[in-house]
Amino acid sequence: MLSTLYHTIEYALKEATGQEEVFLVEGGEHADLASTVAFGLAKVRRKNPAMISRELAETLAAREDFGDIAVEALGPYLNFHFSREVIERALQDATRPGYGTHPRREERVVLEHTSANPNGPLHVGHIRNTILGDTLARCFRKAGYPLEVQYYVNDMGRQIAIVVWGFCTIADTSLAGEKGDHHVARIYIAANRALEARPECVAEVDRLMQQVERGDQATVLLFRKAVTECLEGFRVTLQRLGARHDRFVWESDFIRNGDTDRVLSRISHMPECHVDGRLWLDLSESGFEKEYVLRRSDGTSVYAARDLAYHTWKGRNFDRVIDVLGADHKLIGAQLIATLRLLGEKGPEIVHFEFVSLPEGSMSTRAGKFVSADELLEEVERRAREEVTVRRPELPETERLAIARSVALAAIRYDIARISPEKSTVFDWNEALDFERQSGPYIQYAHARASSILEKAGEFEECVALENEHEMALARHIIRFPMVIESVVRELKPHLLAAYARELADLFNAFYHFEPVLKSEGITRRSRLTLVKATQNTLAEALQTLGIDALRTM
RNA sequence: GUCCCGGUAGGGUAGUGGAUAUCCUAGAAGCCUGCGGAGCUUUUGACCCGGGUUCAAGUCCCGGCCGGGGCGCCA
């Protein structure tokens, strides 16, 4: 509804100014939307921008499609205000379940996220990938796109070969109750130490890689067993994080089905291709200095080659291909896109996120230097249990545990989703365990408060009659929700939704503080209850899209 | 060395070239026998440095400085 108004204004401005692009900005406290076109026109027309703005305002106000839009020239700025009727109508939409869900679209989207190597548990760096990816996925679904979420399983890299070598050579004392991914990490760390001590064994690892690429049955089984064990652990962690993948795509499939050979064969005919034992591309024309090696001199393929096959497949089966990858993949991602372009295949849009490090330095699975996601979940849940027990001692234990789990997940997911991906961060236990600030639980709390009011109110007849600034500010924010979802999928920025939800909770808390609902009367009471219902529903939809439980009580 | 990201109050963080730079935290002062105080109000405090483009720069360009990452026949 708002986007209709947005487009109406945009179109009218283009017509009135003759400009190709006019851009609308958030009006802040001045207006619902605003435009600064007058500044630019001032130069071209050699006229005072305030005068231009005044003339434009007159022209626009006369338009028939501006029935619900008031135009005002304030100095050089053009301010647009939506009519009360529009806001009140939009607010009624907001009280209905599913608010913010866009109509079904045709464009098929594939989103790859997490895709961590199965050589140890997911750690606090990986889950930045998971949470960004899963939040984006939820936004795409909310925005009406048919979406498939994939996990790309690197099941044949050198790191997995090292794990397999470790399983074959190191005495393994399995620990009771140990998750598969943690078990694999122990072996991987030990194997790396052993290889450092005896570098001559590296040849054995190379041989494993050659055998698995040839499809040697016994070796393939060993790889699969190790990878599966690790993956089983991942599944548990991912589920606890509330993240779901529709499909696990195994890298080795692209060897077995011949796709890797096919793509390498196509590449071998390209002028940029060089074969001198190994096979590599000279991408200097596309701005890359480094050789892009795709096949080793022993004939085995490199990760990049299989990735080309994988992305060719994705590009042909989906309209929009999105990858969430760590900053360490920036170069290889750019090379991948450049190569796919040369091949005439569709390339992915890549969301790169910067690294999460520990106070003592960067994480390393090989060195065993990491904080696992399981550890984090465990600790945060423990803290949340304490907190819930203090606040709600009267609740039965099972209920307290369920609330604590939701609160813990809210804290973790929100803390990651709120930070824009290009910011590198340092993991801090004190921060992770602190819910006493505007955070996931803070937003859940606003929702619980709203739910509580509605429960006490019982049945009421909805109506909207906004009376004061607190109500208006809250209403204006509520009706922006569908456009926020739109922005997230357009710009691939999940933190916009995180910020939106927090602002909504802020505005609700201010409204809650100043405007009594249950103690008001008549039409004021009904209108405020309707506003509470719209808030509660919008918070619930926003939280759900962030992968956070909208608790009715906590 | 080179390429890519960051650099915004003491700490963290948001900011499409446009109106008084967002929010948390920390510090100070308040609110409450009101619908759930995981709350609210007031206040202290910031755009790394130097040039440039522009009517207008936190935002764009160039050069520094600091932090993170890449530059492997690893993934």
Side-chain angles (χ1 to χ4, degrees), chain A residues 23-31 34-36 38-40 42-43 49 74-77 79 115-117 119 154 156-162 206 251 277-280 287-291 293-304 306-307 326-332 334 352-357 362 387-388 391-392 407 418-426 428 431 434-446 448-457 491 495-496 498-499 502-503 505-506 508-510 512-520 528-529 532 553-554:
Chain A
F23 71 117
L24 293 169
V25 296
E26 301 256 335
E29 58 197 273
H30 305 281
S35 168
T36 57
F39 286 105
K43 189 163 193 178
L74 193 68
Y77 297 94
N79 291 335
S115 301
N117 288 328
N119 57 356
N154 302 130
M156 55 182 306
R158 165 158 247 113
Q159 292 159 23
I160 308 312
I162 291 172
D206 289 342
E251 186 181 7
R278 65 233 230 270
L279 181 151
W280 58 279
F288 300 97
E289 296 299 323
K290 296 289 168 177
E291 298 168 355
V293 177
L294 299 173
R295 196 164 59 206
R296 303 184 181 94
S297 45
D298 68 2
T300 56
S301 59
V302 177
Y303 165 84
R306 297 163 233 140
D307 211 19
D328 52 340
H329 282 67
K330 273 183 188 169
L331 177 62
I332 197 126
H352 285 291
F353 65 93
E354 294 291 324
F355 270 37
V356 180
S357 56
S362 50
E387 202 65 36
V388 175
R391 289 169 199 267
R392 304 297 302 277
V407 167
R418 61 185 255 269
I419 309 284
S420 70
E422 60 267 22
K423 207 110 177 172
S424 50
T425 62
V426 178
D428 179 340
E431 255 170 55
D434 178 15
F435 319 132
E436 303 287 318
R437 61 209 164 96
Q438 291 193 344
S439 61
Y442 166 86
I443 302 165
Q444 287 178 304
Y445 184 70
R449 274 178 149 180
S451 302
S452 170
I453 291 176
L454 292 171
E455 190 159 322
K456 289 205 168 73
E491 299 175 40
H495 72 273
L496 297 178
R502 200 216 67 234
E503 285 158 6
D506 288 344
F508 177 67
N509 280 331
Y512 177 94
H513 184 77
F514 289 105
E515 315 297 342
V517 178
L518 294 177
K519 295 200 172 167
S520 60
R528 287 185 183 164
L529 277 170
V532 172
T553 181
M554 61 189 280

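Proteins come first, then strands; the chains are lettered A, B, ... in the order of their sequence lines, and each starts at number 1.
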Report the base-pairing partner of [N] (Watson-Crick or G-U wobble, both distances below 3.5 angstrom), or none.
| N | value |
| --- | --- |
| B:C55 | B:G18 |
| B:G6 | B:C66 |
| B:A38 | none |
| B:U43 | B:G27 |

Tell me whether A:Arg449 forms a cation-pi arrangement with A:Phe508, defined as NZ or CZ under 6.0 Å from the six-membered ring centre and within 45 degrees of its axis.
no
[X] over [N], stacked by centroid distance under 5.5 Å, angle under 30°:
| X | N | result |
| --- | --- | --- |
| A:Phe435 | B:A38 | no |
| A:Tyr445 | B:G39 | no |
| A:His30 | B:A19 | yes |
| A:Tyr512 | B:C35 | yes |

With sugar-phosphate meaning primed atoms plus P, OP1 and OP2, does [X] contact a base, only sugar-phosphate, or nothing at under 4.0 Å between heavy atoms?
| X | result |
| --- | --- |
| A:Ala327 | sugar-phosphate |
| A:Arg278 | base |
| A:Glu455 | nothing |
| A:Val293 | sugar-phosphate |
| A:Tyr442 | sugar-phosphate |
| A:Ala34 | base |
| A:Val302 | sugar-phosphate |
| A:Leu24 | base |
| A:Arg391 | base |
| A:Glu422 | sugar-phosphate |
| A:Val407 | base |
| A:His352 | nothing |
| A:Glu26 | base |
| A:Ser362 | sugar-phosphate |

Atom CD of A:Glu455: over 12 foreign heavy atoms under 6.0 Å |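 Atom CD in A:Glu455 is not crowded, with 12 or fewer foreign heavy atoms closer than 6.0 Å.
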Indicate the atoms forming the closest heavy-atom contact of [X] with [Y], along with that distance.
| X | Y | value |
| --- | --- | --- |
| A:Leu24 | A:Ser35 | CD2-CB, 4.0 Å |
| A:Arg418 | A:His495 | O-CB, 3.5 Å |
| A:Arg392 | A:Met554 | NH1-O, 2.8 Å |

When rounded to the nearest Å, what value does the distance between [atom1] atoms of [N] and [M] take?
| N | M | atom1 | result |
| --- | --- | --- | --- |
| B:U16 | B:U59 | C1' | 9 Å |
| B:A57 | B:G17 | C1' | 7 Å |
| B:U41 | B:C47 | P | 26 Å |
| B:C74 | B:U13 | P | 36 Å |
| B:U43 | B:C23 | P | 12 Å |
| B:A21 | B:U8 | C1' | 9 Å |
| B:G6 | B:G58 | C1' | 14 Å |
| B:U20 | B:A46 | C1' | 15 Å |

Nearest to the [X] side chain among [options], which nucleotide is it?
| X | options | answer |
| --- | --- | --- |
| A:Asn117 | B:A75, B:U41, B:A38 | B:A75 |
| A:Thr36 | B:C73, B:C31, B:G18 | B:G18 |
| A:Asp328 | B:G36, B:G70, B:U13 | B:G70 |
| A:Val25 | B:U16, B:G39, B:G69 | B:U16 |

Please confirm whether the shortest side-chain N or O distance from [X] to OP1 or OP2 of [N] is below 4.0 Å.
| X | N | result |
| --- | --- | --- |
| A:Arg158 | B:C73 | no |
| A:Asn154 | B:A75 | no |
| A:His513 | B:G37 | no |
| A:Lys290 | B:G70 | no |
| A:Arg306 | B:A75 | yes |
| A:Arg296 | B:C73 | no |
| A:Ser357 | B:G68 | no |
| A:Ser420 | B:A14 | yes |

Any side-chain donor near an acceptor of the partner, A:Asn509 and A:Tyr445, under 3.5 Å: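 On atom types as modelled, these side chains do not qualify, holding no pair under 3.5 Å.
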Could you tell me how far apart [X] ([atom1]) and [N] ([atom2]) are, to the nearest whole angstrom?
| X | N | atom1 | atom2 | result |
| --- | --- | --- | --- | --- |
| A:Lys330 | B:A75 | NZ | C1' | 17 Å |
| A:Ile419 | B:U22 | CD1 | P | 18 Å |
| A:Tyr303 | B:G72 | OH | C1' | 15 Å |
| A:Ile162 | B:C74 | CD1 | C1' | 9 Å |
| A:Gln444 | B:G39 | CD | P | 13 Å |
| A:Lys423 | B:A14 | NZ | C1' | 9 Å |
| A:Arg418 | B:G15 | CZ | P | 12 Å |
| A:Ile332 | B:C73 | CD1 | C1' | 12 Å |

On RNA chain B, nearest-nucleotide positions of A:Ala510 versus A:Gly157: which is more 5'?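 The answer here is A:Ala510.
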Mapping A:Ala505 and A:Asp434 to their closest nucleotides on RNA chain B, which lands nearer the 5' end?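 By nearest-heavy-atom nucleotide position, the 5'-most residue is A:Asp434.
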Gap separating the CD atom of A:Glu251 from the CG atom of A:Asp307, nearest 0.5 angstrom: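 So the gap between those two atoms works out to 7.5 Å.
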Would the A:Phe435 and A:Tyr442 ring centres measure less than 6.0 Å apart?
no
Exercise. Is any side-chain N or O of A:Asn79 under 3.5 Å from a base N or O of B:A19, one able to act as donor and the other as acceptor?
Worked result: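 Per atom types, the contact qualifies.
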Side-chain donor/acceptor contact of A:Ser297 with base of B:C73 under 3.5 Å
yes
Note, A:Leu294 side chain near A:Trp280 side chain (heavy atom, < 4.5 Å): no
